[in-house]
Student: 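Below you will find the structure I want to go over with you.
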Amino acid sequence: MVQIIRTVLILLIPVLLPYGVGWLYVLVMASSTVAQFFDPALASALPDVASDNELAAANAFLSASQTGAMSLGFSVAGLLTARFPIAWAFYINALAFLLSGLAVWLVQLPPLHVEDHTTVAAVVQNLRAGAKFLCDSPALRSLCMVTVLMAILFGFHNALLLPFAKRTLGATEFEYGLIEGLSTVGFVLGGLWLARVGDRLREGQWLVISFMSLGLITVTYSQLTSVTLAITLGMFLAFANVPSFIARRLLIQRHTTREVRGRVTSVFFVIRDGMFVVGMSAAGLADVYDIRGLYLVEGLLLAGLGMLVLLLPGLGQPAAEWKRAIRLLQGIAEAPGLGLGRSATLADLERLASRLPVLATLRMPERQRLIADLRYVEAEPGTVLVRQHEISDAAYFILAGQAVAGRVEDGQERVLGVLQAGDFFGEIAALTGVPRTANVVADAPTLLLKVPASTLRQMTANPTLNRLFLSKMTERMIRTKMLDMPRAAGLDQELMHDLRTPGPMPLRDYPETLLGKKVDFLDSERIASQQRSAR
C-alpha cells in the first residue's frame, strides 16, 4: 500500500510543479512521511520470510541491495535529466515504486490477527504496548541506549564532513562528491561480506567490532591532509558501519514477537532520526573549535561506545553460546527428562534466597511451611527441564547453573533467553493450567527447586513476590503471544485485559479466574479492598 501511495505522489510532481514550486515541497514531504511506514514494516517482515539462521545474511543482502540501488538511481537520474525532459525521471521513479509494490504484494506472509479497530485510542494503546515490551527486554533497553549515543555521533560526523573536506582538506565540489559517493561502495561491499560471515558472531560482538573500528578510523581521519586518503578512508568508514547497522536490526527482530515487532522497530526509527538531528545541530561547534579536534573526540567516543556495549546487559552473548542453545533446543526429542530429586531443606531455600533476595522478605515460619512440598532436583547438561505443550502444575527456581528457554514457532526453534541462578520458569502453566509455553533445557550442571502450584500460590501472599510473579507472567505471555492470540487458548478474556494492564488483584486469585470464575475487573479495587480487610 505504501509503495502505491508513493507511486501516485511521485507522478503528481511533474503534473503539479508548473503550478508552483510549493507543490514540490508538499509532495516530497508527503512521500517522506509515507516512507516512515515502509521501512519499519520491511524490517519487521523479514523474520517471516527468513529463518533465524538465515536472518543475518538476509539483512546484509537487503542493506547492500538498497544502498547499491540508491547509488545506481542517482546515476540514472543524472543521465536521464541530461538527455530527456526532467519529467521522465519522475515517471521512471514512479514506475520503480509501482514494481516494488507489486513485488511486495507477491510475498506471502502469515496473517496477523488484529483484535482492535484502528482508532486513536487503539494506536495509543499499541504504542504503549510496544514501549512496555521494549522496557521489559534487557537487550532492547541496552540497544535503545546505544542507538541514542550512536545516532548523535553519526549525525555529528555527517554534518562535519562538508566543512572538513572544504576548509581543512581544501577539497573541490567534485572531490567532496567522491567522498560521499564512494562511501556507498564501501557499504555495499560491507553488506556482501557480512552476508557470508554474519552468523559467526552474535549481535553484541558485531556492535563492539563496528564501533571500535569506526572509532579507530575516525581518529585517523581527523589527522588526514590528503583528499585521496579521505576518499579511501570514507569507504572504510562505511564498510565498518555495516556490522552495527545489521546487528541493530537483528537484535530487534530476534527479541520481539510478530505482534509488536513493527511498533518496537518504529520506536527505534524515531529515536535514531531524532538523535541524528541532535548530532547535526551539535556540528555548530565547528565554528568555535578546530574540526580536527572535534573528529578526534568523536572517534574516541565511538571507541568508548564499543567498550560500553561489552558492559550492557543482553548484548554480550557469544555466538558459540547461541549456537549451542539452538542445538540443545533442536535435540529435545531425544533428550532425557528430570528425575524426582529429594525433599528440599531449609538450607536449599536459604541458598535460593541468596540468589533471589526478594525471598528474604519471607519470615521463618513462612519458609518452614514452604519447604514441606518443595523438591530439590539436579540436572545434567542437555536435560529437558520442561517441554513445550506438556501439562504440569509445578514451577522451578534455579539454585545454580544455567538453562536455555526456547519455543518452536512456524517450524523454527526460537531462543527466548538464558536463565541463570535466581531465575524461575514454569509459573504460567503451574498457575493457569494451560500447557507449557516453552521448552527449557539445562545448558550446564543445574540445581533446581521444584515448587508445586499450591505452594506457589502461598508465596504470592507476599506482596513483593506477588508483583514479581505478575510482572514476569505478563512479560512472558507477551513474548509467547498468549495475550494476543484469539481467545488466548480459552482463558478468561477479562483476565487477559487485566494482565495487559496489571491491577491490584493478587496473583494468587488468578488461577480460579483463569479456570472459569468470572470477575468484574471494573470493580477490582473493591474486591482487593475486601480481601485486604479479610486478611
Student: For the residue pair A56 and G198, what are the closest heavy atoms and their distance?
Tutor: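 Smallest interatomic distance, heavy atoms only, reads CB-C, 4.1 Å.
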Student: When rounded to the nearest 0.5 angstrom, what is the spacing between CG in L285 and CD1 in I291?
Tutor: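 It comes to 11.0 Å.
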Student: So, taking the atom named CD in Q253 and the one named CG in L55, what distance separates them when rounded to the nearest 0.5 Å?
Tutor: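 So the gap between those two atoms works out to 4.5 Å.
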Student: List the residues meeting side-chain contact (heavy atoms from CB on, under 4.5 Å) with Q388, not counting sequence neighbours, and say none if there are none.
Tutor: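 For Q388, the residues satisfying side-chain contact (heavy atoms from CB on, under 4.5 Å) (neighbours in sequence not counted) are R407, V408, N439.
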Student: Tell me if the CZ atom of F236 is crowded by more than 12 foreign heavy atoms within 6.0 Å.
Tutor: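 For F236, atom CZ is not crowded (no more than 12 foreign heavy atoms under 6.0 Å).
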Student: Under a 4.5 Å cut-off applied to non-hydrogen side-chain atoms, are L250 and W206 in contact?
Tutor: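 Side chain of L250 against side chain of W206, heavy atoms only: no contact under 4.5 Å found.
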Student: Can you tell me which residue among L419, V418, V404 is in a side-chain contact (heavy atoms from CB on, under 4.5 Å) with D443?
Tutor: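 In the set L419, V418, V404, the residue that makes a side-chain contact (heavy atoms from CB on, under 4.5 Å) with D443 is V404.
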Student: So, using side-chain contact (heavy atoms from CB on, under 4.5 Å) as the criterion, who are the partners of L192 when residues are at least two apart?
Tutor: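 So L192 forms a side-chain contact (heavy atoms from CB on, under 4.5 Å) with F61, A64, V188.
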Student: Can you tell if the side chain of L233 reaches within under 4.5 Å of the side chain of L237, non-hydrogen atoms only?
Tutor: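 SC-SC contact between L233 and L237 ruled out.
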Student: Does M235 offer a backbone N or O that forms a donor-acceptor pair with the side chain of S183 under 3.5 Å?
Tutor: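 No, because the side chain of S183 does not come within donor-acceptor range (under 3.5 Å) of the backbone of M235.
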Student: Could you list the residues that satisfy ring pair (Phe, Tyr, Trp, His ring centres under 6.0 Å) with F164, not counting sequence neighbours?
Tutor: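 F164 satisfies ring pair (Phe, Tyr, Trp, His ring centres under 6.0 Å) with Y221, Y295 once adjacent residues are dropped.
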Student: Start with the C-alpha gap between Q66 and L62, add the side-chain angles, then the distance that decides, and say whether side chain to side chain contact (heavy atoms under 4.5 Å, CB included) holds.
Tutor: CA-CA 6 Å; Q66 286 178 317; L62 185 62; 4.2 Å; yes
Student: How many angstroms lie between atom CZ of R248 and atom CZ of R272, to the nearest 0.5 angstrom?
Tutor: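 Nearest 0.5 Å value for the CZ-CZ distance: 7.5 Å.
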Student: Is any side-chain heavy atom of L140 closer than 4.5 Å to one of T256?
Tutor: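 With C-beta onward as the side chain, the pair touches.
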Student: Taking all non-hydrogen atoms of both residues, which atom of V440 and which atom of A403 are closest, and how far apart?
Tutor: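 Closest pair (atom of V440, atom of A403, distance): CG1-CB, 3.8 Å.
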Student: Enumerate the residue pairs fulfilling salt bridge (charged side-chain N to carboxylate O under 4.0 Å, His left out) with a member in residues 169-194, sequence neighbours excluded, ordered by first and then second residue.
Tutor: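 Sorted result for residues 169-194: K166-E173.
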Student: Report the distance from atom CG of L160 to atom CZ of R292, rounding to the nearest 0.5 Å.
Tutor: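 Going from the CG atom of L160 to the CZ atom of R292 covers 13.0 Å.
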Student: List for me each residue that meets side-chain contact (heavy atoms from CB on, under 4.5 Å) alongside S226, sequence neighbours excluded, and say none if there are none.
Tutor: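 S226: side-chain contact (heavy atoms from CB on, under 4.5 Å) contacts with T228, L229.
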Student: Would you mind reporting whether R249 and T265 have side-chain heavy atoms less than 4.5 Å apart?
Tutor: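 No, too far: nothing below the 4.5 Å cut-off.
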Student: Side-chain atoms of residues 10-29: list all donor-acceptor pairs with protein atoms under 3.5 Å, sequence neighbours left out, distances to 0.1 Å.
Tutor:
none

Student: Under the ring pair (Phe, Tyr, Trp, His ring centres under 6.0 Å) rule, collect the residues that match up with F245, sequence neighbours excluded.
Tutor: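 Counting only residues at least two positions away or on another chain, F245 forms a ring pair (Phe, Tyr, Trp, His ring centres under 6.0 Å) with F187.
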Student: Of all heavy-atom pairs between A60 and L194, which one has the smallest distance, and what is that distance?
Tutor: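 Looking at all heavy atoms of both residues, the shortest contact is CB-C, 4.0 Å.
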Student: With sequence neighbours excluded, what pairs up with V2 under the side-chain contact (heavy atoms from CB on, under 4.5 Å) test?
Tutor: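 Partners of V2 under the side-chain contact (heavy atoms from CB on, under 4.5 Å) test: R6, V34, F37, F38.
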Student: Return the minimal non-hydrogen interatomic distance between T446 and Q402, and the atom names on each side.
Tutor: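 Taking T446 first and Q402 second, the nearest heavy atoms are OG1-O, 3.1 Å.
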Student: How about M145 and L308: do any of their side-chain heavy atoms sit closer than 4.5 Å?
Tutor: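 Heavy-atom side-chain distance check passes, below 4.5 Å.
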Student: For L302 and G215, which heavy atoms make the closest approach, and how far apart are they?
Tutor: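 Closest approach of L302 to G215: CB-CA, 3.7 Å.
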Student: For the atom pair CG (L305) and CG (L300), what is the distance rounded to the nearest 0.5 Å?
Tutor: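 Those atoms lie 12.5 Å apart.
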Student: Verify the neighbour count for atom CE of M280: are there more than 12 heavy atoms of other residues, nucleotides or ligands below 6.0 Å?
Tutor: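 No, the 6.0 Å shell around CE holds no more than 12 heavy atoms from other groups.
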Student: Could you pull out the closest heavy-atom pair between Q3 and S100, with the gap in Å?
Tutor: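 Smallest interatomic distance, heavy atoms only, reads NE2-OG, 2.8 Å.
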Student: Is the shortest side-chain heavy-atom distance between L161 and Y176 below 4.5 Å?
Tutor: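 Result yes, sub-4.5 Å side-chain heavy-atom pair found.
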Student: Under the side chain to side chain donor-acceptor pair (under 3.5 Å) rule, collect the residues that match up with N241, sequence neighbours excluded.
Tutor: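 Partners of N241 by the side chain to side chain donor-acceptor pair (under 3.5 Å) criterion, ordered by chain and then number, come out as S244.
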Student: Please confirm whether the backbone N or O of L98 pairs with a side-chain atom of T7, one donor and one acceptor, at under 3.5 Å?
Tutor: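 Such a contact is found between T7 side chain and L98 backbone.
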Student: Sequence neighbours excluded, which residues qualify as side chain to side chain donor-acceptor pair (under 3.5 Å) partners of T184?
Tutor: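 Result, side chain to side chain donor-acceptor pair (under 3.5 Å) vs T184: S71.
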Student: Tell me which pairs pass side-chain hydrogen bond (donor to acceptor under 3.5 Å, both in side chains) where either residue lies in residues 138-163, with sequence neighbours left out.
Tutor: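 Residue pairs passing side-chain hydrogen bond (donor to acceptor under 3.5 Å, both in side chains), neighbours aside: H157-E298.
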Student: Tell me, please, which residues at least two apart from F425 pass ring pair (Phe, Tyr, Trp, His ring centres under 6.0 Å).
Tutor: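 Scan of F425 (ring pair (Phe, Tyr, Trp, His ring centres under 6.0 Å), adjacent residues dropped) gives Y396.
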Student: Is there side-chain contact between L315 and L251, with heavy atoms separated by less than 4.5 Å?
Tutor: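 When only atoms from C-beta onward are counted, L251 and L315 do touch, with a gap below 4.5 Å.
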Student: Is any side-chain heavy atom of F211 closer than 4.5 Å to a side-chain heavy atom of M150?
Tutor: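 They are in side-chain contact.
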Student: Calculate, to the nearest 0.5 Å, the distance between atoms CD1 and OG1 belonging to I217 and T232 respectively.
Tutor: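 One finds 11.5 Å between CD1 of I217 and OG1 of T232.
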